[in-house]
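What follows is a set of notes on a single structure, which appears directly below.
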Amino acid sequence: MKKNLLLAVVALFISAMAYGQKTAGNPIAEGDYADPEGVVFGKTYWIYPTWSDRFENQLHFDCFSSKDLVKWKKHERIIDKSAISWLRLALWAPAAVEKDGKYYLFFGANDVHPGEVGGIGVAVADKPQGPYKDLLGKPLINDIVNGAQPIDQFVFKDKDGTYYMYYGGWGHCNIVKMADDFKSIVPFPDGTMYKEVTPKGYVEGPFMFIRDGKYYFMWSEGGWGGPHYRVAYAIADSPFGPFERKGVILQQDPEVATGAGHHSVMHNPKSDKYYIVYHRRPLGSNKRDNRVTCIDEMHFAPNGDILPVKMTFEGVKKDKL
């Protein structure tokens, strides 16, 4: 009887602590998750990360949703190998977009090299949490153009409604124009299909957002498996650049974590707050796949420059859309 009473008291205490939770805490979820794509759909925040594992085991995606940035719900296996016939290994770096009532999930697969089948694919669903089905039955982009391995895609909607995709590993970044149905890429006005927009220091993980009419282009530098992984950025007047590197805004902190990178940015238009969603390595960890997803607030200087991000264990406070 006393044991049952004690268990009840402990349960009530835990419930009360959760109800009064002030911040999400970093990482925001248990498990190894990397390359997180944070996006807002309606009144809900969503995070789509890579399941960080050996390439041969990295064959599915989970995602997470929250109404307030603090309490996160896990949605398991929104897509896996059974839905992608050409997937062999290394399913990574998802990017999610809503268009015309459908949800599209772009992804990299197979760690493709010349002569192999793989690269960037796209899946579709009726709900943000899926289940997603392969839209094409083959890669959207398979070839290596301008030296850019077709991975780490980010789909960006410009001011005029045009959708572009930034992508690329191996130190090169391309931009392509998307067809309206996302089933192909289409030529630019000058007839070209690919434009290289690689800034100095670029390695992988491109991301773009617009603030006060300016284009903020961001990317990861350094080696993804090491402690010096970091995020840098540029500001331009066009989605095509030129992107002159301004500096690093996220990097290792000897008191918090190492290997901070491959990020995305979420904006709450109601509070006008910006949040950087990224992965990092716990202090003391040297395991290749031990990466966890975190969120911290991102601030700007009066001139529009991004201020260096302070990584925290607390994470961010509640902020409803």
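Please read all numbers here as calculations on a predicted model, not as lab measurements. No hydrogens, no waters, no symmetry mates; every other heavy atom, side chains included, goes into these values.
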ask   = What do the steps show when you test Tyr216 against Phe207 for ring-ring contact (aromatic ring centres under 6.0 Å, His included), and what is the final call?
value = CA-CA 8 Å; Tyr216 286 73; Phe207 188 85; over 10 Å; no
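Each of Phe154, Phe156, Tyr274 was compared with Phe209 under the ring-ring contact (aromatic ring centres under 6.0 Å, His included) criterion, and only Tyr274 meets it. A side-chain hydrogen bond (donor to acceptor under 3.5 Å, both in side chains) with Arg230 is found for exactly one of Gln252, Glu221, His263, namely Glu221. Test Tyr166, Tyr163, Tyr167 against Val176 for side chain to side chain contact (heavy atoms under 4.5 Å, CB included) and you get one pass: Tyr167.
Relative orientation of the Trp72 and Tyr45 rings is tilted, given thresholds of 30° and 60° on the angle between their planes. Between Phe55 and Trp224, the ring-plane angle classifies as parallel under the 30° and 60° cut-offs. The aromatic rings of His60 and Trp51 are tilted relative to each other, their planes meeting at an angle between 30° and 60°. Using cut-offs of 30° and 60° on the angle between ring planes, the pair His279 and Tyr229 is parallel. Taking the six-membered ring where tryptophan is involved, the planes of Trp46 and Tyr48 are essentially parallel, since the angle between them stays under 30° and well short of 60°. Ring geometry for Tyr202 versus Trp219: interplanar angle of 30 to 60°, hence tilted.
Side chain of Asn174 to main chain of Gly147: no donor-acceptor pair is present (N/O by atom type, distance under 3.5 Å, no hydrogens or angles). Counting only distance, with no hydrogens or angles, the side chain of Thr44 and the backbone of Ser66 share no donor-acceptor pair below 3.5 Å. Counting only distance, with no hydrogens or angles, the side chain of Ser220 and the backbone of Gly261 share no donor-acceptor pair below 3.5 Å. Judged purely by atom type and a 3.5 angstrom limit, Asp158 has no side-chain atom pairing as donor or acceptor with the backbone of Gly161. A donor-acceptor contact shorter than 3.5 Å links the side chain of Arg281 to the backbone of Arg288. Remark: side-chain polar atoms of Asn26 are not paired, donor with acceptor, to backbone N or O of Phe313 under 3.5 angstrom.
With hydrogens and angles left out, the side-chain atoms of Tyr275 and Asn268 include no donor and acceptor closer than 3.5 Å. For the residue pair Asp111 and Gln149, a side-chain donor N or O sits within less than 3.5 Å of a side-chain acceptor on the partner. Under 3.5 Å, the side chains of His172 and Asn146 contain no donor-acceptor pair of N or O atoms.
We find that Arg77 and Asp62 are not joined by a salt bridge, their nearest charged nitrogen and carboxylate oxygen being 4.0 Å or further apart. Between Arg280 and Asp253 there is no salt bridge, since no side-chain N of the basic residue sits under 4.0 Å from a carboxylate O of the acidic one. Between Asp296 and Lys310 no salt bridge is recorded (no basic side-chain N to carboxylate O distance below 4.0 Å).
Once rounded to the nearest 0.5 Å, the distance linking CG of Asp272 with CG of Asp319 reads 10.0 Å. The distance from atom CD1 of Ile235 to atom CG of Asp305, rounded to the nearest 0.5 Å, is 5.0 Å. The distance from the CG atom of Leu69 to the NZ atom of Lys67 is 12.0 Å, given to the nearest 0.5 Å. In this structure, CD1 in Ile47 is found 10.0 Å from OG in Ser65, a value given to the nearest 0.5 Å. Rounded to the nearest 0.5 angstrom, Glu37 CD and Met266 CE are separated by 10.0 Å. For the atom pair CZ of Arg291 and OG of Ser52, the computed distance is 3.5 Å after rounding to the nearest 0.5 Å.
A distance of 6.0 Å or more separates the ring centres of Phe243 and Tyr215. A distance below 6.0 Å separates the ring centres of Tyr33 and Phe64. In summary, the aromatic rings of Phe188 and Tyr194 are positioned with their centroids too far apart to meet the 6.0 Å limit. For Phe240 and Tyr164, the ring centers sit closer than 6.0 Å to each other. Ring-centre distance between His262 and Trp92: not below the 6.0 Å cut-off.
When all heavy atoms of Val70 and Lys22 are compared, the closest pair comes out as CG2-O, 3.8 Å.
For the pair Arg245 and Tyr233, the cation-pi test (distance below 6.0 Å, angle within 45°) is failed.
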